Every structure is written in structure tokens, then in C-alpha cells.
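Only one structure is covered here, and it is reproduced in the block below.
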Amino acid sequence: MNPIIVSDVYKKYGKVQALEGVSFEVEKGEIFGIIGPDGAGKTTLFRILTTLLIPDSGEALIDGHHVVNHYKTIRNMVGYMPGRFSLYQDLSVEENLKVFATIFDTTIQENYHLIKDIYQQLEPFKTRRAGALSGGMKQKLALCCALIHKPAILFLDEPTTGVDPVSRKEFWEMLKKLRDQGITILVSTPYMDEASMCDRIALIQGGNFLKIETPTNIREQFKKILWSVQSSRMFPLLKDLRKYHIVKTSFAFGDTHHVTIDQSGEDYVSDQLTMDYLRRYLEDKGHTEIMIQPIKATIEDCFMELSH
Amino acid sequence: MSVIVAKNLTKRFGQFVAVDNISFEIEKGEIFGFLGANGAGKTTAMRMLCGLSLPSAGKGTVAGFDIEKQSEEVKAHIGYMSQKFAMYEDLKVWENLRLYAGIYGVPHKEIMPKIDQLLENLGFTSKKNTMVSALPLGWKQKLSFSAAIFHQPEIVFLDEPTGGVDPSTRRRFWELIYQAAEQGITVFVTTHYMDEAEYCNRVSIMVDGKIEVKSFYQAESMDQVFQKLARKAKRNSD
């Protein structure tokens with residue numbers, strides 16, 4: 001039986017439907033990412049799965065235990081790192097870890113092997129108050145506290161939000177090591193570029209899962225024609241692209257614009273011809289240094305396509 | 001014409017050198033990305049440029065005013081949007097804009113017509129009387145940006161502007177920034193999103209209080225450049 005099984009879960013706050021029939025399963029020893037913007041329902045889902053919130057309807061099983069009926073069993077076997085830093089700010093690094101170990105009736109020594117790699121980076125600061133740590137350090141301490149009772153399943157709600165890119169990369173490397181030790185990890189993030197770090201991902205928006213797949217397959221399954229377009233004047237280029245009849249969508253992606261092409265209309269002949277027409281149109285609009293290239297979709301392209 | 005000039009700008013807190021002798025110039029209408037890991041010194045540098053903190057050494061001018069001797073003039077000629085949403089949740093959309101406009105000394109008669117015009121441009125007229133607390137995050141961000149440039153500052157400082165919004169909302173937000181730059185407003189952005197840095201005309205990366213790279217787009221991706229530089233940091237990210 002899979003360690004996380006969720007079927008048709010609904011949750012409403014007043015008039016706001018936070019989750020609208022979410023179903024999925026997470027396999028043992030995989031990193032499963034829930035990827036979506038703020039307000040999509042990620043935290044609600046995490047709270048339900050960690051038994052802190054009761055769903056309106058639907059069922060969820062954690063290692064075969066029902067989230068409502070067997071909440072005590074589940075709380076002993078999962079580790080949870082909430083989105084907001086929720087350790088004791090006025091206790092030291094070491095004291096925080098001790099509190100969590102004691103609550104779960106264990107000691108730091110007993111499961112030290114699990115946190116060793118991470119805790120070693122914190123050890124020089126072990127007498128510092130948790131409130132005085134930097135963002136990256138707080139995040140490492142919170143992970144240690146979530147791991148100290150040797151959970152079978154880890155729930156990490158936006159662990160990398162607001163953390164700089166170097167610390168984020170290190171954090172994902174730590175997660176991979178934990179996964180390789182057999183821990184199942186459910187992790188959420190608003191950063192689309194972190195999707196590739198997961199074994200499988202679910203894209204979520206407005207309380208709905210748009211898709212569940214491996215990151216590679218999601219990108220492979222993008223069926224539209226997608227081009228990147230550049231010129232010397234990028235903002236006017238964006239406006240001109242949107243005016244062109246065969247361009248379906250046009251969005252700025254850093255130093256290029258990503259454009260999807262409408263293949264259904266009679267104006268579409270072939271990729272090459274359509275590209276030539278587009279180039280000529282842009283030249284007529286006064287653009288120079290025009291570059292048009294077919295490209296492979298990123299997770300963000302896929303997200304925007306699926307959420308339309 | 002350079003609207004921001006920093007020359008050997010330094011800030012010390014006791015023994016600690018938070019900003020270490022940085023120099024750069026930013027042109028009018030430019031979108032300048034100011035990157036760096038947590039603790040690199042970005043916020044301290046930005047606070048000096050905004051006239052909120054005095055440099056320990058070095059010089060700077062912003063919109064033609066000396067950041068040390070004319071800090072009040074600097075404040076009046078810039079806009080600032082913080083990463084934390086800083087509008088009043090219990091005021092209506094138009095009330096928030098009127099408040100900001102009033103603080104920045106926009107003439108009273110001009111305020112209401114300008115608010116109407118702004119809301120129309122944003123496609124937001126129907127939300128004029130909505131409480132800000134009831135707006136989705138993406139709208140709040142657009143509104144804070146609009147408030148930050150309402151008094152037509154020469155420069156707008158954006159501190160991590162687009163965390164947490166969905167990809168299409170993020171892009172709509174950047175289009176507003178492009179538009180402001182087209183109108184001649186200089187945009188100074190700090191961000192953690194490496195892909196966001198690629199929207200900028202130029203970027204700098206701050207490591208241990210110093211500026212390490214200052215150039216146009218690199219052949220490598222911005223993320224690779226950042227990882228390489230920031231990993232050299234000796235200072236702990238505290």
C-alpha cells in the first residue's frame with residue numbers, strides 16, 4: 001500500500017473552496033512535489049494530511065491510517081515542517097532540537113545519523129537563539145527538528161520560500177539523500193524551477209490538481225508550437241506579437257518572449273513559412289536583431305497552458 | 001544621464017563591513033537587477049540609496065541629490081515597494097492610493113482624476129471601492145507597484161517584488177515594470193528568482209558586501225553565474 005493515498009478531498013473556508021476534489025497517491029521513497037502559486041490550496045492539503053485540519057469530505061490515508069480516525073498514530077510517524085518558521089525563537093538551536101526529540105520520546109543521539117550532515121553545518125551556532133539565525137539556517141534547523149524522531153514520511157510546506165538560490169540548491173540535495181534512505185517526501189513550492197528536483201509533481205491551482213506526472217513527461221506532453229522570440233526592443237515586441245493574428249499567447253520569459261502559435265486557422269501553413277511571415281511582420285514594425293527559435297516547453301509554459 | 005551613482009559606498013556596523021566599497025552607475029529608464037544571497041548586504045546598500053541610512057564612507061547621488069546631505073529630497077524623488085505587502089488592508093483601493101499620493105505631496109486636485117485614470121488603465125475600475133484585504137495577491141502587488149510610482153518618481157526601488165504568484169500573474173506584473181521603464185522611470189529590483197533577473201537590462205551580484213559582476217546578459221544562465229559567485233562567499237549568511 002502506498003504511504004500517502006488521497007481520494008476526492010474537499011475543504012471550504014466560508015465561501016472559499018480551498019480544495020476541490022483532490023486525489024493522488026505517493027509511492028514509498030519518492031519526492032512528490034506540489035507546485036503552485038500562493039492561495040492554490042497547498043497548505044490546506046498539508047494540514048489535512050498531517051491531521052491538523054479535518055476535510056469536509058473525501059478520505060486520506062497515511063501509511064494505511066485514516067487522517068481523522070487515527071490521527072494520533074499518524075502524528076508519531078510523520079515529520080512536518082510548516083511554511084511559517086515555528087520553532088521556539090528564544091530557545092537555542094540545540095534546545096529546540098532537544099524539545100522535539102523529547103516530545104517524541106527519543107534523544108538526539110538515537111537518530112543522529114539521520115540529521116548528521118545537516119546538523120554539522122549548524123553546530124558552530126548551537127548555542128545561538130533560533131530567532132537570531134539567518135533564513136537558510138532556520139530552514140536547516142526546522143528540517144532537523146522534523147527528522148529527529150525518524151519519521152517514515154516527511155511533509156515540507158514551502159521549505160525554500162524566501163531562501164536564496166544557493167541555500168535552496170543545498171536543501172534539495174539534502175532531500176535527495178533522505179529519499180535515498182527510504183523516506184517518502186511530500187514537498188510544496190511556488191518556484192516552478194524546482195519541479196525538476198522532484199520524482200513526480202502535481203501542478204495545483206484554485207484547489208484543483210491540473211496534472212500529475214514526472215517533470216520530464218509534463219514537458220514532453222506540451223503539444224503546442226512554442227517559439228522564443230527576441231529583438232532589440234523587447235517591450236514593444238511583446239505588444240506587437242500579441243497583435244499578430246496567428247500568435248495565440250505571448251509572455252515575457254526573462255530575456256526572450258515565449259509565443260504559442262495557432263495551428264488551427266487557415267493562416268497556418270507550415271512552421272517554416274509561418275516563422276518567415278512572423279519575421280517579416282516584425283521587420284515591418286521596425287524591429288531589428290530578430291531571433292525566432294523553436295524551443296522546448298518549461299514547467300512554467302506547461303503551467304500557464306494547463307491553467308487557461 | 002546617470003540617475004543613480006554610487007562611488008566607493010561603504011557601510012560599517014562596528015567591526016563588520018556590511019557594504020564594502022561598491023561603485024556603480026545606473027542610467028535613466030534602465031531596469032537594474034540587484035542580486036545577492038541572504039546576508040550579502042543588499043538591503044543595507046538599498047537603504048543607503050533610499051536615504052534611510054548614512055554611509056560610513058563613499059558617496060552616492062540618487063536623482064541628482066546627495067544621499068548624505070539631501071536625504072529628504074532623495075526620499076521625495078523615489079518610490080519604494082517592499083516585499084511585504086505594505087498597503088492598508090482595511091482601507092479601500094482608492095483610499096490607499098489617495099493616502100500614498102497625499103504623503104508624496106501630489107496636488108490635491110490631481111489625485112482623484114489620476115486614481116480613476118490609473119484604475120482604468122489597470123482594468124480595475126470595478127474594484128475601486130473594494131477593501132484591499134479582499135484582493136487576490138497578484139492584484140495587491142500590481143496595486144502596490146502603482147502606488148509606488150503614483151507620484152511619478154524618477155526611480156522606483158522594488159524589494160523582491162513577485163514572490164509566490166502564479167506564472168501568468170508574475171508576467172503581467174513585469175509588463176507593468178516594462179511600461180514604467182518605457183516612460184522613463186528607472187527601476188531598481190532586488191530578487192531571489194534567477195529567472196527574474198533575466199528581465200533586467202543589467203544586473204549586479206553582491207557577495208560579502210562587494211559587487212562581483214556587473215554586466216549585460218551572460219552567455220551562461222543567470223543561475224549558473226549566481227551559484228558560482230555566491231558559493232565563494234566566506235561570510236556566513238547571518
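Chain letters run A, B, ... following the sequence lines, proteins first, then strands; residues in each count from 1. Because the structure is a prediction, the values reported are computed rather than measured.
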Under a 4.5 Å heavy-atom cut-off, does chain B meet the side chain of A:E158, its backbone, both or neither? neither
Looking at CG of B:D166 and CG of A:L203, how far apart are the two atoms once the value is rounded to the nearest 0.5 Å? 12.0 Å
Give me the contact list for residues 172-184 of chain B versus chain A, heavy atoms only, anything under 4.5 Å, ordered by residue number. B:R172, B:E175, B:Y178, B:Q179, B:E182
Answer yes or no: does atom NZ of A:K12 have more than 12 heavy-atom neighbours from other residues, nucleotides or ligands under 6.0 Å? no
Within a 6.0 Å radius of atom CZ on A:R47, are there more than 12 heavy atoms belonging to other residues, nucleotides or ligands? no
If contact means a heavy atom pair closer than 4.5 Å, which residues of residues 289-299 of chain A contact chain B? none
For B:P167 against A:E300, the heavy-atom pair lying closest together: CB-OE2, 3.5 Å
